[in-house]
Amino acid sequence: MKSVKAFAPATVANVCCGFDILGFAVDAPGDEVKVTLRNDSEIKIKEIIGDEGKLPYEVEKNTASVAIISFLKKIESKQGVDIELVKNLPLGSGMGSSAASGVAALIAINHLMGNPLTRNQLVPHAMEAERIACGAAHADNVAPSLLGGFVLVRDYDPLDVIKIEAVENLYCTLVHPHLELKTEDSRKVLRHSVTLKDAITQSGNIAGLMIGLLKPDYHLISRSLKDVIAEPMRSVFIPGFNNLRQIAMEAGALGFGISGSGPTVFALSQSETKAQQIAEAIQVEFLRHKLNTDPYVSKVNQEGAKVLTVD
Ligand code: HSE
């Protein structure tokens, strides 16, 4: 075995009420990373496709190589590798783009080295990639991209990541308006303290969402998909946000919100047909604001990142 190619899916972080502590993966789209063993100890990015020349080739700045360097250090290996990255996720979109590259790179290198770490043990190395990408080592994109399904980050210190064996039948609509919003900038607008009233509301909703997913209880999921902490600050970046919510709900969504740090918006629903209808309705509304969009409709993914090819 000399090279492994892996795929890591896009993710929706926060899921309204779970700021920095909840996310889920979708089946597609996602990024692909091929890692090839070298005969020396150099880490090199050989090729990046699909990023319009925007991503760095410097290994200490690229999320794929940063994750690999952190992993190799952990297993005390001096192995060198070549990295090839196919970027299918738009940058600065709120769809977990930086996470997907780091996670695909980790799945590939872990497989190449004989899987010394479990998927849960890979999470901190993917978080290092997030730190490089946006200045904050949040885990709510990388953990669901690695593990699949809905993943709760119960605590960061020490890290306690829990996959929720949730409902099978949930569909996700993602609509990405052609705006770029850096996570770093989208985090700067957040307040650093919340009122007791907002903390109570948010806690009620995150608890409700957990129970709704586990039961499953779709009405409870729907009632719980609310965010009083990040959304009020961030929705100003997304033209027509309040109308978009109403339109999505009228088209049959269980809930609607900002995907991660935005500007992509997401909705959850119970059928693929509904998810498509919601996508179309949201696209029409964005067009009224002169914004072109890319829609993505997918089932909530259960498996997470995967190995594609081994040579
Ligand atoms: N929880 C992070 C944030 C996700 O909202 O800033 C970034 O995609």
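We number each residue from 1, following the sequence as shown. Both counts, for ligands and for their atoms, begin at 1 and track the order of listing.
Close approach of ligand 1 to H138 is summarised as follows: ligand atoms under 4.0 Å from at least one heavy atom of the residue are 2 (C), 4 (C), 7 (C). Those atoms of ligand 1 with a heavy atom of A13 less than 4.0 angstrom away are 4 (C).
Taking the six-membered ring where tryptophan is involved, the planes of F24 and F266 are perpendicular, since the angle between them exceeds 60° and thus also 30°.
Look at D51 and K87 and you find no salt bridge, because none of the NZ, NE, NH1 or NH2 atoms lies under 4.0 Å from a carboxylate O. Electrostatic pairing of R234 and D185 does not count as a salt bridge here, judged by no charged N lying under 4.0 Å from a carboxylate O.
The protein heavy-atom contact nearest to atom 1 (N) of ligand 1 is D20 OD1, 2.5 Å. If you check which protein heavy atom lies closest to atom 6 (O) of ligand 1, you get R187 NH1, 2.7 Å.
One side chain, S261 or T183, offers a donor N or O that lies under 3.5 Å from an acceptor on the other. No hydrogens or angles considered: a donor-acceptor pair under 3.5 Å links the side chains of D140 and H138.
Contacts with ligand 1 closer than 4.0 Å are made by side-chain heavy atoms of D140 only, the backbone lying farther away. Counting heavy atoms closer than 4.0 Å to ligand 1, residue R234 contributes side-chain atoms (C-beta onward) but none from N, CA, C or O.
Taking only nitrogen or oxygen atoms, main chain and side chain alike, T183 does not reach within less than 3.5 Å of ligand 1.
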